[in-house]
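First up is the structure itself, then whatever we jot down about it.
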Amino acid sequence: MASTRPLALRLPPVLLASTLVLGGLVTLPAVALIVAVFVRHHIRGYHGNVEEFLTTALPALIGYPFAAVLWFYCRRVSTTRWSWLLAVLGVVVVVAVSFWPLAVIGYGFYEEWLETQPGGKGYYR
């Protein structure tokens, strides 16, 4: 019979995996769109949009694989301290590279919510 790992060693990888998935649901499609626009502009000869690529897409393209590697090692360490350290480092990386896309989506939802509030613009104007 195989021995099961204690909850203290199973919880950090779950925390990191859930952060990867929830942050990736918003960030990775936004990054894919930024990369597609960047490539399209460079194919057509227009060399703008470099700043958006370097500030949003490139950190996510580096940060998400790095966090996935941290998740992989987080599941295999034998001490609770290392497991939590790797998980927290991975969560910080995911939050850092996902901040701007999540902030933009959140602000859009906030603006839509304000339209339905008393004194708001309303949907029918």
Between CZ on residue R75 and OG on residue S83, distance to nearest 0.5 Å: 10.5 Å
Separation between CH2 of W82 and SG of C74, rounded to the nearest 0.5 Å: 11.5 Å
Side-chain touch W100/T27, heavy atoms, less than 4.5 angstrom: no
Closest contact, heavy atoms only, A57 versus V35: CB-CG2, 3.9 Å
By side-chain contact (heavy atoms from CB on, under 4.5 Å) - contacts of V69 (at least two apart): Y73
Validation row: L85, L89 side chains within 4.5 angstrom (heavy atoms): no
With T55 via side-chain contact (heavy atoms from CB on, under 4.5 Å) - residues at least two apart: E51
ILVMFWY clustering at 4.5 Å (side-chain atoms), partners of V104: none
Residues forming a side-chain contact (heavy atoms from CB on, under 4.5 Å) with Y110, sequence neighbours excluded: Y107, W113, L114
Centroid-centroid distance, H42 to Y46, less than 6.0 Å: no
Same apolar cluster (I L V M F W Y, side chains within < 4.5 Å links), I43/V50: yes
R40, CZ atom: more than 12 neighbouring heavy atoms under 6.0 Å: no
Distance (rounded to the nearest 0.5 Å) between L9 CG and T80 OG1: 4.0 Å
Contacts of type side-chain contact (heavy atoms from CB on, under 4.5 Å), residue V91, not counting sequence neighbours: L15, L16, T19, V95
Transitive ILVMFWY side-chain link L61 to L54, under 4.5 Å: yes
Minimal non-hydrogen separation, A67 against L20, with atom names: CB-CD2, 3.7 Å
L25 reachable from V14 in the ILVMFWY side-chain graph, under 4.5 Å edges: no
Side chain to side chain donor-acceptor pair (under 3.5 Å) pairs, two or more places apart, involving residues 57-72: Y64-S98
Single-linkage hydrophobic cluster, 4.5 Å side-chain cutoff, I62 and F53 together: yes
Residue pair V31 / A60: nearest heavy atoms and the distance that separates them: CG2-CB, 3.5 Å
Same apolar cluster: L70 and F72, side chain cutoff 4.5 Å: yes
